[in-house]
Amino acid sequence: MRILLEKYFSRGQLMELIYLSRTGEMSKRKVKILKIQGDSFQAYCFKRKAKRIFLIDNVLACVPVINKEKDVI
């Protein structure tokens, strides 16, 4: 998972992730990684509208957010 996070961070991509909280609750988050340090990373969370710290081991899945342009007819 760390390798994927580092890849998205280096590209400056927004990503969606499934995250397991300390209390065992799963949530879907859209984030922009600001820095990766040790076992965690800091990211801006669009759900909470704030900078948050996430544990890398608690990220269950992540995918880049891809903006697709609509065809205009």
Side-chain angles (χ1 to χ4, degrees):
M1 189 59 66
R2 182 182 192 88
I3 294 169
L4 280 176
L5 294 173
E6 288 175 350
K7 180 170 91 171
Y8 299 142
F9 172 62
S10 69
R11 294 180 181 175
Q13 286 184 296
L14 297 180
M15 52 185 284
E16 283 189 334
L17 53 88
I18 304 296
Y19 189 74
L20 184 65
S21 73
R22 292 180 192 178
T23 61
E25 294 180 43
M26 285 194 300
S27 62
K28 183 177 178 182
R29 308 281 183 115
K30 182 175 166 184
V31 302
K32 177 171 176 68
I33 298 176
L34 304 173
K35 68 178 175 178
I36 300 173
Q37 192 170 18
D39 299 348
S40 63
F41 62 96
Q42 182 182 45
Y44 181 81
C45 176
F46 291 91
K47 180 178 182 178
R48 300 283 185 217
K49 297 182 173 122
K51 290 180 184 177
R52 309 288 284 206
I53 302 291
F54 297 93
L55 295 173
I56 293 172
D57 288 344
N58 288 10
V59 176
L60 303 177
C62 64
V63 294
V65 174
I66 300 172
N67 295 326
K68 294 183 180 180
E69 294 184 29
K70 302 283 183 193
D71 290 332
V72 179
I73 298 176

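Scope of the values below: all heavy atoms of this structure, side chains included, with no hydrogens, waters or symmetry mates. All figures in this text were calculated on a predicted structure; none of them were measured in a lab.
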Peer 1: Any chance you could measure C45, atom SG, to K32, atom NZ, to the nearest 0.5 Å?
Peer 2: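 Output value for this atom pair is 14.0 Å.
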Peer 1: Please work out whether the ring planes of F54 and Y19 are parallel, tilted or perpendicular, with thresholds of 30° and 60°.
Peer 2: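 Taking Y19 first and then F54, their aromatic rings stand perpendicular (interplane angle over 60°).
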Peer 1: Using the rule that two of Ile, Leu, Val, Met, Phe, Trp, Tyr join whenever any of their side-chain heavy atoms come within less than 4.5 Å, decide whether I18 and L20 are in one cluster.
Peer 2: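 Linked, I18 and L20 end up in one cluster.
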Peer 1: Less than 4.5 Å apart, side chain to side chain, heavy atoms only: is that true for K49 and Y44?
Peer 2: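 Result yes, sub-4.5 Å side-chain heavy-atom pair found.
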Peer 1: Taking a hydrophobic cluster as the set of Ile, Leu, Val, Met, Phe, Trp and Tyr residues connected by side-chain heavy atoms closer than 4.5 Å, whether directly or through intermediates, do V59 and L14 fall within one such cluster?
Peer 2: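 No, it is not one cluster - the side chains of V59 and L14 are not joined through contacts under 4.5 Å.
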Peer 1: Please give me the minimum heavy-atom distance between Y8 and C62, naming the atom from each residue.
Peer 2: CE1-SG, 3.9 Å
Peer 1: For the residue pair A43 and I33, what are the closest heavy atoms and their distance?
Peer 2: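 Scanning both residues completely, I find the closest heavy atoms to be CB-CA, 3.9 Å.
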Peer 1: Please round to the nearest 0.5 Å and tell me the distance separating atom CE of M1 and atom CG of D57.
Peer 2: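 If I round to the nearest 0.5 Å, the distance is 10.0 Å.
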Peer 1: Starting at CZ of F9, measure out to CD of Q42 and round the result to the nearest 0.5 Å.
Peer 2: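 F9 atom CZ to Q42 atom CD measures 10.0 Å (nearest 0.5 Å).
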Peer 1: Side chains of V65 and Q13: closer than 4.5 Å at any heavy-atom pair?
Peer 2: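 In short, these two side chains do not touch, never coming nearer than 4.5 Å.
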Peer 1: Roughly how far apart are I56 CD1 and Q37 CD, rounded to 0.5 Å?
Peer 2: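 Atom-to-atom, I56:CD1 and Q37:CD are 10.5 Å apart.
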Peer 1: Which value, rounded to the nearest 0.5 Å, describes the distance between I53 atom CD1 and K35 atom NZ?
Peer 2: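 The NZ atom of K35 is 7.0 Å from CD1 of I53, to the nearest 0.5 Å.
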Peer 1: Determine whether more than 12 heavy atoms belonging to other residues, nucleotides or ligands lie under 6.0 Å from atom NZ of K47.
Peer 2: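 Yes, NZ of K47 has more than 12 neighbouring heavy atoms, counting only those of other groups under 6.0 Å.
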Peer 1: When clusters are formed by joining ILVMFWY residues with side-chain heavy atoms under 4.5 Å apart, either directly or through shared neighbours, do L55 and L4 land in the same one?
Peer 2: yes
